[in-house]
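First the structure, in the form of structure tokens, and then the observations on it.
In what follows, every heavy atom counts, from backbone to side chain, and hydrogens, waters and symmetry copies are set aside. Numbering of ligands and ligand atoms starts at 1, following listing order.
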Amino acid sequence: MKRLVVVGNGMAGIACLEQVLKHQAQFQVTVFGDETHANYNRIMLSSVLAGEKAADDIVINPVEWYTERGIDLRVGVRIVDVNSEAKTVTGADGSVTPYDTLLLATGSNAFLPPIGGLEKSGVLVFRTLDDTRELLQRAGPGVKAVVIGGGLLGLEAARGLQVQGCDVTVLHLASTLMERQLDPDGGGYLVGKIEDLGVNVRLGVTTTAILGGDSVEGVALSDDTVLDAEIVVVAAGIRPNVDLAYKAGLHVNRGIVVNDHMETSDPDIFAVGECVEHQGVCYGLVAPLYEQGKVLAATLTGNRGPTYTGTVQAAKLKIMGVDVFSAGDWSEQNAEPVRFEDRALGIYKKITVRDGRLAGVILVGDTSDSHRYMDWLRTNADISDQRRYLLFPPPSADGGLDVASMSDGATICGCVGVTKGTIIAAIHDKGVNTMSQLKECTRASTSCGSCTALCQDLLRAVAPEFEDERKTVICGCLPFAEDRLRDILRSQKLKSVQEVLDIYGNGHGCEVCKPALSYILDMLWCGDHDEDRSARYINDRVHANIQKDGTFSVIPRMRGGVTTPDELRRIADVADKYHVPMVKVTGSQRIDLLGIRKADLPKVWAELGMPSGQAYTKGVRMVKTCVGTEFCRFGTQDSTGAGIEMERRFENLFTPHKVKMATVGCPRNCAEATVKDIGLIGMEGGWQVMVGGAAGKSVRKADLLITVETTEQALEAAEIFFQYYREQANYLERTYDFVERLGIEKVRKETVYAPEAVRQALRDRLHKSKARSSDAWLEGQSPRTASQFVPLRALDTVRA
Ligand SMILES: Cc1cc2nc3c(=O)[nH]c(=O)nc-3n(C[C@H](O)[C@H](O)[C@H](O)COP(=O)(O)OP(=O)(O)OC[C@H]3O[C@@H](n4cnc5c(N)ncnc54)[C@H](O)[C@@H]3O)c2cc1C
Ligand code: SF4
């Protein structure tokens, strides 16, 4: 069996190897990778740095993938020499491995400009998982970070660090950002958007020195200013990694020179990915490497025939809220520019047309048409008859590309190079019905993810049993999707369940739609609706949790899990007087009185003199807190105080499903904030706001929404997310399903990173609902008033 040795366990090497295996070629394969991880999706490092994904989420092929295929994987071994005469490679560990066929997939190295002080601790590049981990370790609220380079990588690094709470400045030599992908106008729009995120941008400056002792303390700039910095990220470009190619005596220019069959100047040595140069071009993106890998696999396995003719370069910035796309040649030389800009909307579009065909495109602020332009670029289509629709598609196709009208050869997933025909074949021949099956089968949508909506459109159109992640209608009584229903209720100003059922439903409704409608009306009108108690669930009708023997469980509210001796006495008295069979401390730090008869409920509430803990409703449950700075020696934040305040701001409100929260004073996480719907994690100098966690039937670690410096900022972020969930989630959808369905990127973009006016409007609606909310137990107690309850401050005094 021939020995195939692959040097480089990165995206190109393994993508090519996957293709080689598809040809069922007989190779004994050894893979060397100097990183200590299995093969991962490098482009998603930006998402790891921004807290949107964990390292485990970006693994492409785990170690078992290699073992199952008999591949000898040697991670952590750097190949330091190639002897092309003896046909061996030598590892830094002293190993000498013979090959019949050698594949170099060594990628690129970060380019380090000649600046004094780059060796200092805290100066990093952004290329590998280890780099990302170190950046995450050093990042934190208020940490000063400087990113050298305002290209795609630099901006994604800047955004990631800023999400982690750092105070970030981007330094860029040119007069606009991403000048290789954007013209000056497009770059100008981008600068504004990046600054709006809170990242500082300094243009037209170079870094002259990195300052400090062993560790970085600042950077000196060409305009004689000095910036403080505890982290410096150098993102000044990449250079193909060609060291081994030189040692093997290969023809090398900027990269390892390959022909259209991906062959180097040595018949037994091949190369793929960022390390190669094809027709004078070195690529720095994933799409070319997949195309190259397919051609090379054919060449390697004796099926030499397909050729690689180059790739249309396209770049998309992966920063939520900052939509930027650029492809092809957008220079105006011998080309006709067509432009649109709207400063108020922050949208800039420019395309260039040469000889009736699209030459290049720049989109800032709205990239929804990027697939249409890529299709024109890839197919070199004659677009003369589309002149009226160059910048805006005809109304029928508005909102994106119409999948039905795409040709079978049209590319859906640009990164991996998956066509519409391949996806349709997978649906028809392999029974693909879900997104995960589609990913598994075709690898579409497994890289940058920007084609997910298009893949879903295709599944929806072609797969017989495709289940849309979004529920369509609530039930048969009301034939409307929830979002459509919300629009109708709002526009028709409908305020009661019965009215809605009479006009738009079957007139009587059911156990499913009535509680949902009650909730939606309550949320839409911020509590100013006609409440119909009979439409609510039984627990909401009786304000207690019905048990299996028909008795009820009563849990009074104890904000943040904090109580007073006086309250404890009253609870004990009630338990004695009504012969409560069981008094139990719950997992959420509350006291549960179990086995109370329905007839006794109003008297129990009155004698407890505490508000309802609402532990029975689809609404706000409680905030679990740890001790925090008040008493704990590890505490960095007042988690008890923050928890009490959070509970006070949200209590008595209905939500699509129950909402559990927690606040902890440090990452030891004693109150399990990472598995709550909303969790605040205190850290030195700030808070992490986590959302979408669960530890019930489903277990899910919450996603990081944002890192902030003050308790008030953390509470405001929680408020914004809370109201967004109330307004956007399907009824009975928990936050962990909701966040998963939308993706944390979209959630962030539409909440904490939305424009100020949007954030404020969300909070205003929340405050309005809150002002109209009342304690449920008061409703059954006519003579009693809110003032009879223990006031908030009295609860707080227990901490004093
Ligand atoms: C943060 C980030 C974001 C990105 N975002 C995008 C994006 O949005 N879209 C896009 O298209 N592209 C993006 N890219 C670029 C994309 O990741 C690369 O184009 C792609 O990873 C190149 O694949 P490769 O296999 O050629 O190189 P790599 O993935 O770098 O793999 C090369 C591997 O070989 C190893 N190696 C090198 N020399 C040796 C040796 N002598 N011995 C053993 N092992 C060796 C390296 O350690 C590395 O693991 C991004 C890159 C980064 C870093
Ligand atoms: S999470 Fe931290 S601050 Fe809170 S009790 Fe545990 S160790 Fe103390």
request  = Ignoring angles and geometry beyond distance, decide whether Lys316 reaches within less than 3.5 Å of ligand 1 through its nitrogen or oxygen atoms.
outcome  = no

task = Output, by chain and residue number, all protein N/O/S atoms separated from atom 2 (Fe) of ligand 2 by less than 2.8 Å.
result = Cys666 SG

key: Cation-pi, Tyr290 ring and Arg443 (6.0 angstrom, 45 degrees)   = no

ask   = Under 3.5 Å, N or O to N or O, is Lys318 touching ligand 1 that way?
value = yes

ask   = Does an N or O anywhere in Val286 fall below 3.5 Å from an N or O of ligand 1?
value = yes

inquiry  = Under 4.0 Å, heavy-atom basis, I'd like to know which part of Val80 is in contact with ligand 1: side chain, backbone, both or neither.
reply    = neither

message = Under a 3.5 Å threshold, yes or no: a donor from one side chain and an acceptor from the other, between Glu156 and Ser46?
response = yes

ask   = Do Asn9 and His37 have side-chain N/O donor and acceptor atoms under 3.5 Å apart?
value = no

inquiry  = Looking at non-hydrogen atoms alone, which of Val276, Asn9, Leu104, Asp34 comes nearest to atom 44 (N) of ligand 1?
reply    = Asp34

key: Gln688/Gln164 under side chain to side chain contact (heavy atoms under 4.5 Å, CB included): CA gap, chis, key distance, verdict   = CA-CA 8 Å; Gln688 286 188 324; Gln164 299 299 333; 4.0 Å; yes

task = Answer yes or no: does an N/O atom from Ser108 fall short of 3.5 Å to an N/O atom of ligand 1?
result = no

ask   = Do any N or O atoms from the side chain of Arg748 and from the backbone of Leu704 form a donor-acceptor pair under 3.5 angstrom?
value = yes

ask   = Do the side chain of Ser370 and the main chain of Thr367 share a donor and acceptor less than 3.5 angstrom apart?
value = yes

request  = Would you kindly specify which portion of Thr128 sits under 4.0 Å from ligand 1, judged on non-hydrogen atoms: side chain, backbone, both or neither?
outcome  = neither

message = Between Ser368 and Asp366, is there a side-chain donor-acceptor contact under 3.5 Å, judged purely by atom types and distance?
response = yes

ask   = Between Asp243 and ligand 1, which residue portion shows a heavy-atom distance shorter than 4.0 Å: side chain, backbone, both, or neither?
value = neither

query = Does the N or O separation between Glu35 and ligand 1 drop below 3.5 Å for any pair?
reply = yes

key: Distance-only polar pair, side chains of Asn83 and Thr88, donor-acceptor under 3.5 Å   = no

query = Will you find, in the side chains of Thr707 and Trp687, an N or O donor that is under 3.5 Å from an N or O acceptor?
reply = no

task = Quick one: look at Ala315 and ligand 1, take heavy-atom pairs under 4.0 Å, and tell me if it's side chain, backbone, both or neither.
result = neither

message = Distance under 4.0 Å to a non-hydrogen atom of Leu289: what atoms of ligand 1 satisfy this?
response = 20 (C), 22 (C), 23 (O)

inquiry  = Going by side chain to side chain contact (heavy atoms under 4.5 Å, CB included), Leu4 matches just one of Val31, Leu17, Asp100. Which one?
reply    = Leu17

